[in-house]
Engineer: 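Just passing along the structure, written as structure tokens.
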Amino acid sequence: MLRIRRIYDNVLPVNKSTLNQVQEILRSRFSGVAEEEIALIGEKLRNPFKQRFRTILFVAESIKSKVRGFAMLLHEPELHFAYLDWIATASNRAGGGIGGALYDRIRREATALNVAGLFFECLPDDADDCQDPAELKLNRSRLRFYERYGARPIVDTDYESPVKPGDTCMPHLVYDDLGSSQPLKKAYARQVVRAVLERKYAAYCPADYVERVVQSFKEDPIHLRAFRYIKPEAVVAKVESRSAEQIALIVNDRHDIHHVNERGYVESPVRVKSILKVIEPSGLFAVIKPRPFPDKHLHAVHDEDFVSYLKRACAEVPAGKSLYPYIFPIRNKTRPPKEPSVLSGYYCIDTFTPINANAYLAARRSVDCALTAAREILDGRRIAYALIRPPGHHAERRSFGGFCYFNNNAIAAQYLCAHGKVAILDVDYHHGNGGQDIFYRRSDVLAVSIHGHPRFAYPYFCGFEEERGEGEGEGFNLNIPLPEAVDGVKYRKSLARALRRIEEFQPQFLIVGLGLDPAKGDPTGSWSLTMKDFAENGRMIGALGLPLVVIQEGGYRTQTLGKNVLAFFRGVAEGVAQWADSRHEHHHRVHGVTFRDTIVPEDGPRVRRLVDITGFFNPEEVDVAEELVGEYLAKGDASGYHFFMADHYGRLAGYVCFGLIPGTASSYDLYWIAVHPDFQSRGLGRRLLVEAERRIKAAGGSRIYVDTSQRVQYASTRAFYESCGYRLETVLKDFYTVGDGKAIYCKSLI
Ligand SMILES: [Zn+2]
């Protein structure tokens, strides 16, 4: 059994171990790779644009998490191409199709990224170019493999020409059109080749070599080598449709022992059965067995005496009997009573949630399921669903109620928050009072609940908007109480507000308490959400792109439970796919950014810090950036400089500085544009530039000039200007230093 998993970061412990294995494979299989480059892989994943490419890593691993192979793809979002940097298996005679499975996955990813082509290097398969017979044999089998996809070396160019005398065995540049059958256009190929040589081989290829190779791409379209190993009609070029990773489904296998037969107890075993019946055949889910977890996870969010009380009290009730609380300690909580039926009220918030022999066992198993779901996420899966009952979101630190005993989603949140910040989004019709109570004084877990207003809905005594958290936790509890009549449209407005707050919080994980009682016709609710609304809610949640644990809470209209769950998860999957695509678009939303054109004295050091952290500028340039702010503060508009600043919660996220070029009628110079690395490739630079252009035009400006270096590090800067409509006007050769010219771009505003 082999699974292919995308590694998003090197933060989770499981990913750290995976990365170590990937690095080991690189060392053992590619002796020529520098240790610094191997060490950089983790950094590239965390900060993917650091190397001016987005790094995407896939590993093929056995069920025991042993890495059998990996592939690393570089994505260039400005020029729309993908470059396969590495594809390697752990052993030489791996077989088993690991390389094939990885290459298929890479093609699907490249297609999903909407690139025009996939490029990579492959060592030569001609005896003249490769003297080592064993190596030659390997190269031939590789090129034969790629030919099956229609991918072949680019020919009739100087790409294979030696960089230094004595260079042998120069690789081919191979092009895979990803099944589009589009010819490779010269202009595009030249941009790609330049980007690859300048960025990947900066240390090895001198500028004149790069220039010569780029210019050698003369044919239009570019020629690919004729098929050598297979017949063209045997090509399997089509990219399989993207098969999204399955959602882990963890079902409480002991839920049905908890069956309260009293009339009106709607929290019944049929709920889980009716959901399973609909979602199991969908193919969307992979069933994972619940694993046992120790009691310490319960104690991490619940009082120990409450946990032991529930265990003991449930065990003491005779089989088939239920104990209902009926009297509650609102006057004196310091003296727990002895009589069992009275004591139950000491730990409970209502009169309809019974203590009985099986309640504890079923609730304890629900906890295991929630933790198993969280564990799946730590193991690298993106979405896990704990389909459980009894539910948990009304259980507080030291009390049960509302059909709930232990707070499953709080326990999962506590478990995950050892690895990063967690947001809980409770979308049950009833307020998530348990999560609120447990995390009320904490800022590492954000609790958000959208629910029926407590003036008419259970639990009646909390869920008000003004309950915002206390102390350290102030502002980290958000209640959105809604009126009695709510439809899908109205609901989504509140959901959008909740999701904005979650995005601002920037959690590592999201837990959704999935209540289905907002549905039309639910016996415990008053709203009218339809299947389509659940799909749309799921899509909005999925589009956050956060690792997601969904935990079943309420929802009692059995006829529609299954359909609504399935619609919700289909929506989530769609949202995740949208998120994956939109990450590569320029207009990616950045929440919480505000703009201004006023300058304050603190902006001097803030600009310095920002310019410095981008890593693009030398110390003198950093000084100049700060000085310009000082000039403006001293002289105002007479300084000739104008600023436009972007702030994100008190931090400078980016800025632009421009001014009229002295001695010209209406030509402007763009002096500075800088964006904090956290906001790069999210459209902020473009936004700043557009705003500067608007202001320049309003001031009567006709042309904007911007100059930049020809150095490799500036390749993406140049691509950025080009994509914003700037044309390369001229290059002053060797301007900064020998081999580093000044490139001057211009955009006309008329
Ligand atoms: Zn509910």
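The figures that follow rest on heavy atoms only: side chains count, while hydrogens, waters and symmetry mates do not. Atoms within a ligand are numbered from 1 in the order they appear, just like the ligands themselves.
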Engineer: Are R501 and F476 in a cation-pi contact, defined as NZ or CZ under 6.0 Å from the six-membered ring centre and within 45° of the axis?
Structural biologist: yes
Engineer: At less than 2.8 Å, would any N/O/S atom of E553, backbone or side chain, sit next to the Zn ion (ligand 1)?
Structural biologist: no
Engineer: With the Zn ion (ligand 1) as the point of reference, which N/O/S atom of D517 is the closest?
Structural biologist: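 This turns out to be OD2.
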Engineer: Out of the N/O/S atoms in D428, what is the name of the one closest to the Zn ion (ligand 1)?
Structural biologist: OD1
Engineer: Below 2.8 Å, can you find an N, O or S atom of H430 next to the Zn ion (ligand 1)?
Structural biologist: yes
Engineer: Not counting sequence neighbours, which residues clear salt bridge (Lys or Arg N to Asp or Glu O under 4.0 Å) with R497? List them please.
Structural biologist: E465
Engineer: Counting only heavy atoms not in K421, do more than 12 fall under 6.0 Å of its NZ?
Structural biologist: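 Yes, enclosed.
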Engineer: Quick one: list whatever passes salt bridge (Lys or Arg N to Asp or Glu O under 4.0 Å) with E316, sequence neighbours left out.
Structural biologist: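 Per chain and number, E316 pairs via salt bridge (Lys or Arg N to Asp or Glu O under 4.0 Å) with no residue.
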